[in-house]
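One structure, pasted below without further comment.
Computed over heavy atoms, backbone and side chain alike; hydrogens, waters and symmetry mates excluded. One-based numbering, in listed order, for ligands and for the atoms of each.
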Amino acid sequence: MYHLFFRLVFRRMDAEKAHHLAFRWIRAAARVPGLRAAIAAVLAPSHASLATTALGQRMRGPFGLAAGFDKNAVAIDGMSMLGFDHVEIGTVTAQQQSGNPAPRLFRLVGDRALINRMGFNNDGSAAVAARLARRRTVFPTTVGVNIGKTKVVPEGEAVQDYVTSAERLARYADYLVVNVSSPNTPGLRNLQATEALRPLLAGVREAADRAVTGRRVPLLVKIAPDLADADVDAVADLAVELGLDGIIATNTTIAREGLGLTSDPAVVAQTGGLSGAPLADRSLEVLRRLYARVGDRITLVGVGGVETAEDAWQRILAGATLVQGYSAFIYQGPFWMRAVHKGLATRLAASPYATLADAVGADTRKVTS
Ligand SMILES: Cc1cc2nc3c(=O)[nH]c(=O)nc-3n(C[C@H](O)[C@H](O)[C@H](O)COP(=O)(O)O)c2cc1C
């Protein structure tokens with residue numbers, strides 16, 4: 001049904017316009033109490049076996065919405081209603097910015113992929129903090145807050161820019177993410193080098209501790225799939241050294257590997273980050289590498305090309321405690337999360353593992369032991 005609708009309606013529209021339209025419907029439905037309860041009952045059923053504790057939070061399951069879909073924290077309950085077990089908002093920057101000129105989001109339907117160069121279009125951390133302060137929780141979902149650098153701020157002043165956002169947003173975050181991996185802000189990914197990353201993560205950690213007393217807000221870093229293996233290892237070691245809580249692997253890629261022949265070369269040539277199916281292999285590889293390095297000392301979040309319950313299960317076996325998705329939601333529609341949950345519960349029941357937590361990293365441990 002959704003596939004037909006996608007072909008007839010969304011596919012004929014500009015990709016960003018289709019996103020805004022779907023987003024409006026989700027938000028509208030989430031505002032009507034009876035309707036949102038009915039939708040949640042169908043789409044967000046909870047399987048007791050999938051209950052997950054991660055980053056100090058108890059969640060219905062391990063499967064959440066990746067950053068970038070709800071950049072301004074306007075649809076947390078709507079996305080929770082559809083079945084995401086956690087919602088990561090952002091990327092939010094210290095200053096409001098409109099992002100790159102449109103068109104800036106492109107579909108590669110045959111490859112089940114997207115290319116985007118949105119460029120962190122967002123309302124800015126002061127406005128998003130005010131929105132989160134006003135939020136009346138409907139569904140008690142875990143909210144991650146993903147922060148990034150304002151485009152006009154020079155790389156040398158990046159730490160202060162992130163610190164400003166952390167100070168404003170940490171109190172509303174169940175976990176905080178330092179995004180240094182989007183390809184659409186010039187120079188951003190240079191911050192993944194340990195010499196730059198160390199002061200950045202230390203600064204944000206201190207800012208979060210200053211802003212929030214009485215609990216420690218978990219801090220994660222989100223990395224690119226385009227890092228060389230040695231650099232993935234270096235980030236993993238730094239994360240352990242700094243006592244970071246988690247690593248999110250991965251953001252979109254600037255590579256164009258794994259694409260079939262059906263995609264229009266003019267679209268493939270668009271500047272931006274590639275997400276969806278072609279990203280899956282490298283994201284999984286980076287995740288395995290991280291788990292082999294950090295084991296259970298740090299919570300890993302697997303994202304990039306997750307399309308099916310089997311994909312999500314493989315991420316868990318590779319080392320992910322939490323799994324996220326974005327692009328497949330565009331192609332699969334509102335029943336996707338339900339299918340992933342059902343498939344995960346089935347796989348867990350058929351596996352030798354008593355709990356999801358036991359399954360985390362089981363495959364990677366076999367290879368490395
Ligand atoms: C249109 C679009 C916008 C995105 N914006 C952000 C963002 O603002 N911050 C971020 O950390 N990741 C962003 N991402 C990356 C996703 O969070 C995710 O890491 C990536 O798409 C891989 O997952 P997927 O293959 O399931 O889409 C964006 C992705 C897309 C497609």
Worksheet item: Residues two or more places apart in sequence or in another chain: which of them pass side-chain contact (heavy atoms from CB on, under 4.5 Å) with Ala280?
Response: Arg315

Worksheet item: Using a heavy-atom cut-off of under 4.0 Å, does the side chain or the backbone of Asn116 touch ligand 1, or both, or neither?
Response: side chain

Worksheet item: Do any nitrogen or oxygen atoms of Val306 come within less than 3.5 Å of a nitrogen or oxygen of ligand 1?
Response: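 For ligand 1, there is no N or O atom that lies under 3.5 Å from one belonging to Val306.
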
Worksheet item: How far is atom 15 (C) of ligand 1 from its nearest protein heavy atom, and which residue and atom is that?
Response: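 Nearest protein contact, heavy atoms only, for atom 15 (C) of ligand 1 is Asn251 OD1, 3.4 Å.
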
Item to complete: Sort out for me which residue in Met59, Gln57, Arg60 forms a side chain to side chain contact (heavy atoms under 4.5 Å, CB included) with His86.
Response: Met59

Discussion item. Quick test of your reading of the structure: of Met118, Glu307, Lys222, Glu88, whose heavy atom lies closest to atom 19 (O) of ligand 1?
Written reply: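 Answer by nearest heavy atom: Lys222.
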
Discussion item. Could you check whether Tyr331 and His3 have their ring centres less than 6.0 Å apart?
Written reply: no

Practice prompt. Could you tell me which atoms of ligand 1, counted from 1 in the order shown, lie closer than 4.0 angstrom to a heavy atom of Gly305?
Written response: 24 (P), 25 (O), 26 (O)

Fill in: Where ligand 1 meets Lys71 - atom numbers and elements under 4.0 angstrom, heavy-atom basis
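With Lys71 as reference, the close atoms of ligand 1 come out as 5 (N), 7 (C), 8 (O).
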
Fill in: ligand 1 N/O within reach of Gln324 N/O, cut-off under 3.5 Å
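Among all N and O atoms of Gln324, none is under 3.5 Å from an N or O of ligand 1.
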
Item to complete: Could you say whether the N/O atoms of Asn179 and ligand 1 ever approach to under 3.5 Å?
Response: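 Yes; at least one N/O pair falls below 3.5 Å.
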
Fill in: Derivation and outcome, ring pair (Phe, Tyr, Trp, His ring centres under 6.0 Å), residues Tyr2 and Phe335
CA-CA 8 Å; Tyr2 175 80; Phe335 288 90; 8.9 Å; no

